Amino acid sequence: MSPSRLEAFSDGVLAIIITIMVLEFRPPEDASLSALANLTPLFLSYALSFFMVAIYWVNHHHMIKLVKAVTAEMLWSNINLLFWISFFPFGTAYLGDHHLTPIAMLLYSGISFAAGMSFFWLRRTIMKAHNGNHELVRLNRQLELKNLLAVLIYLMAMATSYASPTLAMILVLVPGIMYFIPERRVEHALVAEQNRKLESQEVASRM
């Protein structure tokens, strides 16, 4: 399987996940502002989940650029990531129906934690193919620490769900803000590696 096919499959799954979330919106039977206002918790949970899935899509897109050849481990780690992200529609609907209740926040932050760990596994799997590039290895270690920090924040959200659901909600938002702008240093290091290989090939062809 080519990296482009892996990315296309992932894009399709994420698009379906977003579609399922928006289908949870059902217009109220009562044509009044108060009836629309009752949908506010569901809309807010949808906006949160849309933001989270979009963050995963953007960062997944940048990470797949590092894939040279798809391995079986990459396939299963990618499937694992999509599996946990696919729970966001359920978590969204539950959070919308039981807005800021402890059990709803525990469920949502738990889904976020599982997705964050799955993203960490996929990153580590992909970077195994670049063990010979010391710059990429160094940068990936930094990014792994950032990834683990995000996972730790999700754990904190789970731990505070019963004591303060509002604080748990804020904590769930923090990793999304951290990953809002994708890390481009890895891409730059990869481009530099490719340029060095091209230069070496040109030098070899002249000899």
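Please read these numbers as outputs of a predicted model, since none were measured by experiment.
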- Message: To check you understand the geometry: which heavy-atom pair defines the closest contact between L95 and L100, and what is its length?
- Response: CD1-N, 4.1 Å
- Task: Would you mind reporting whether W57 and D11 have side-chain heavy atoms less than 4.5 Å apart?
- Result: yes
- Item | Point-to-point distance, once rounded to the nearest 0.5 Å, from CG of N78 to CD1 of I126 | 7.5 Å
- Message: Same cluster or not: I111 versus Y162, using hydrophobic residues (I, L, V, M, F, W, Y) connected whenever any side-chain heavy atoms lie under 4.5 Å apart?
- Response: yes
- May I ask you to check whether Y108 and S49 show a side-chain donor-acceptor distance below 3.5 Å? yes
- Query: Do Y94 and I103 touch side chain to side chain, with heavy atoms closer than 4.5 Å?
  - Reply: yes
- The reported gap from CD1 in I16 to CG in L23 (rounded to nearest 0.5 angstrom) is 11.5 Å
- Could you state whether W121 and V13 fall into the same hydrophobic cluster, counting links through intermediate Ile, Leu, Val, Met, Phe, Trp or Tyr residues with side-chain heavy atoms under 4.5 angstrom apart? no
- Item | Nearest-0.5 Å distance that lies between atom CZ in F50 and atom CE in M21 | 7.0 Å
- Task: Quick one: sort the F43 and Y46 rings into parallel, tilted or perpendicular, breaks at 30° and 60°.
- Result: tilted
- May I ask you to test the Y56-V53 pair for a side-chain heavy-atom distance under 4.5 Å? no
- Query: Between F180 and F51, is a side chain to side chain contact (heavy atoms under 4.5 Å, CB included) present by the stated rule, with each step listed?
  - Reply: CA-CA 9 Å; F180 184 76; F51 173 73; 3.8 Å; yes
- Message: Determine whether Y179 and N147 satisfy the following criterion, side chain to side chain contact (heavy atoms under 4.5 Å, CB included), listing intermediate values before the conclusion.
- Response: CA-CA 9 Å; Y179 280 89; N147 203 159; 3.4 Å; yes
- Query: Is it true that F83 and L122 fall in one hydrophobic cluster, defined by side-chain heavy atoms closer than 4.5 Å?
  - Reply: yes
- Message: Donor-acceptor check, side chain of T160 to backbone of M156, threshold 3.5 angstrom: yes or no?
- Response: yes
- Point-to-point distance, once rounded to the nearest 0.5 Å, from CG of L75 to OG1 of T125: 10.5 Å
- Item | Taking every non-hydrogen atom, the tightest pair across M158 and S109 | CG-OG, 3.2 Å
- Return yes when atom CG of L33 has more than 12 non-hydrogen atoms of other residues, nucleotides or ligands closer than 6.0 Å, and no otherwise. no
- Message: Rounded to the nearest 0.5 Å, what separates atom OG1 in T166 from atom CE in M105?
- Response: 8.5 Å
- Message: Any heavy-atom pair between the side chains of M169 and L48 that's under 4.5 Å?
- Response: yes
- Item | Closest non-hydrogen atom pair, A157 against A168 | O-CB, 3.4 Å
- Query: Does T92 offer a backbone N or O that forms a donor-acceptor pair with the side chain of S45 under 3.5 Å?
  - Reply: yes
- Query: Taking it one step at a time, do I79 and F9 satisfy side chain to side chain contact (heavy atoms under 4.5 Å, CB included)?
  - Reply: CA-CA 10 Å; I79 288 293; F9 172 77; 3.7 Å; yes
- Message: Under 4.0 Å between a side-chain nitrogen and a carboxylate oxygen: does that hold for R124 and E144?
- Response: yes
- Message: Run M63 and F119 through side chain to side chain contact (heavy atoms under 4.5 Å, CB included) and show every step you take.
- Response: CA-CA 10 Å; M63 189 162 59; F119 190 81; 3.5 Å; yes
- Do M52 and V172 touch side chain to side chain, with heavy atoms closer than 4.5 Å? yes
- Item | Single-linkage hydrophobic cluster F90~V22, side-chain heavy atoms < 4.5 angstrom | yes
- Between L149 and K146, is any pair of side-chain heavy atoms under 4.5 Å apart? no
- Any side-chain heavy-atom pair of P175 and S112 under 4.5 Å: no
- Could you grab the distance from atom CD1 of I153 to atom CE of M178, nearest 0.5 Å is fine? 5.0 Å
- Residue pair L14 / L82, side-chain heavy-atom distance below 4.5 Å: yes
- Message: For a quick test of reading the model, state the closest non-hydrogen atom pair linking A115 to L81 and the distance between them.
- Response: O-CD1, 3.5 Å
- Which pair of non-hydrogen atoms, one from S118 and one from W84, has the smallest distance, and what is that distance? OG-CD1, 3.1 Å
- Query: In terms of hydrophobic clustering (I, L, V, M, F, W, Y; side-chain heavy atoms under 4.5 Å; direct or indirect links), are L6 and F120 co-clustered?
  - Reply: no
